[in-house]
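Here is the structure we will look at, set down as structure tokens.
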Amino acid sequence: MKPRVAILISGRGSNMMSLIEAAHAPDYPAEIALVLSNKASAGGLERAQKAGVQTAVVDHKAYPTRASFDAVMQRELEKARINIVCLAGFMRILTPGFVNAWLGKMINIHPALLPSFKGLDTHARALTAGVKIHGCTVHFVVPEMDAGPIIAQAAVPVADDDDEASLGERVLAMEHVIFPQALALVANGQTSLNGERVLSGQPVSNHVLIAT
Ligand code: GRF
């Protein structure tokens, strides 16, 4: 039995689609069993439905506290017998109680090379900072935002004439590569923790990807 994965989204769901498409391969080690959104208007919901994946919406505005919202999310995940959670552009801060319940089983994609550029507007901030290398990170989720052991990263070069959109596009293309790879490692039980470091037994080229 493959582990059952829920993807949490708030928007268009391009990373979600990269996971759904990867999981179509018969030898992919995880099954995408649920897409859960905190917004009924999230474009990704329709894309997931078209791909035949079950969807659910838990509107955060209907709940007075983060804890009550998270409790309903938890119920949805339990109902769908979920083993692994992927945050793919999920724009809500989760309570430590929820995060701790999924420790080692919940991963997030962040559009920067962590620990640089945590938070929002990562591409604009990377351009302002003048970095020459930017990228994306998949990491285990811990209560602190955009922290947690790093599973995979990909680097992209920053061009002189890049703007936020062009740089974001280059990073996004790599997000779609490393997120399915990272989920496969977690689903296969290939990741182990050594302090803050995730060891996966993978050759360097498989967890540090460099786009040109
Ligand atoms: C991605 O850039 C992801 O890294 C960030 O939010 C964005 C979501 O995009 N966490 P999409 O909905 O997956 O297209």
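Counting convention: from 1, in listed order, for ligands and their atoms alike.
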Give the cluster check for I82 versus L36: same hydrophobic cluster or not, with ILVMFWY residues linked at side-chain heavy-atom distances below 4.5 Å.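 The answer is yes; both residues are in one hydrophobic cluster.
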What protein heavy atom sits nearest [atom], and how far away is it?
atom	answer
atom 12 (O) of ligand 1	G13 N, 2.8 Å
atom 4 (O) of ligand 1	E175 OE1, 2.7 Å
atom 10 (N) of ligand 1	I109 O, 3.1 Å
atom 13 (O) of ligand 1	N15 N, 2.8 Å
atom 9 (O) of ligand 1	R12 NH2, 3.3 Å

First locate atom [atom1] of [X], then atom [atom2] of [Y], and finally report the distance between them rounded to the nearest 0.5 Å.
X	Y	atom1	atom2	value
L183	I84	CG	CD1	5.5 Å
L185	I151	CG	CD1	7.5 Å
L8	M16	CG	CE	12.0 Å
I20	N15	CD1	CG	11.0 Å

Ignoring hydrogens, just give me the one of G168, G43, S18, S14 whose non-hydrogen atom is nearest atom 11 (P) of ligand 1.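 Looking at heavy atoms only, the winner is S14.
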Measuring from non-hydrogen atoms of G44 to any atom of ligand 1, is the shortest distance under 4.0 Å?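 No; G44 lies far enough from ligand 1 that no heavy-atom distance drops under 4.0 Å.
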Before signing off on this row, confirm whether H110 and ligand 1 have an N or O atom pair separated by under 3.5 Å.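 The answer is no, given that H110 and ligand 1 share no N or O pair closer than 3.5 Å.
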Going by the angle between their ring planes, with limits at 30° and 60°, are H134 and F117 parallel, tilted or perpendicular?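 Ring orientation, 0 to 90° scale: perpendicular.
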Near G89, which atoms of ligand 1 are under 4.0 Å from a heavy atom of that residue?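 Per the distance check, 6 (O), 8 (C), 10 (N).
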Do H176 and S14 have side-chain atoms, one donor and one acceptor, less than 3.5 Å apart?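 Per modelled atom types, H176 and S14 side chains form a pair under 3.5 Å.
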